[in-house]
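The structure appears right after this line, and notes come after that.
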Amino acid sequence: MATLKDVAKAAGVSPSTVSYTLRGGAYVSQETPEQICAIIERNKNTAPVDILH
């Protein structure tokens with residue numbers, strides 16, 4: 001299972017950006033949530049990705 005830091009490193013963003021994005025933060029680029037969700041799913045993390053929609 002990937003950690004927040006692992007997802008951040010793979011996405012090229014900070015861990016705080018991953019956290020903010022997963023909590024529904026509005027001030028990120030359109031690509032960031034998509035990229036983070038793809039990384040989480042690829043790593044079979046069980047974080048709820050539907051909170052981004």
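For the single chain, residues carry numbers from 1 onward in sequence order. This structure is a prediction, so every number in the text was calculated from the model and none was measured. All heavy atoms count here, side chains included; hydrogens, waters and symmetry mates do not.
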Just do the side-chain contact (heavy atoms from CB on, under 4.5 Å) check on Thr17 and Ser14 with the steps written out, would you? CA-CA 5 Å; Thr17 299; Ser14 69; 3.0 Å; yes
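- For the side-chain contact (heavy atoms from CB on, under 4.5 Å) test, residues two or more places apart in sequence or in another chain that qualify with Lys5 are Thr3, Pro15.
- Using modelled atom types and a 3.5 Å distance limit, the side chains of Ser16 and Ser19 yield no donor-acceptor pair.
- To the nearest 0.5 angstrom, Asp6 atom CG is 11.0 Å from Ile40 atom CD1.
- In terms of the side-chain contact (heavy atoms from CB on, under 4.5 Å) criterion, residue partners of Ala11 (sequence neighbours excluded) are, by chain and number, Val13, Gln35, Ile36, Ile39.
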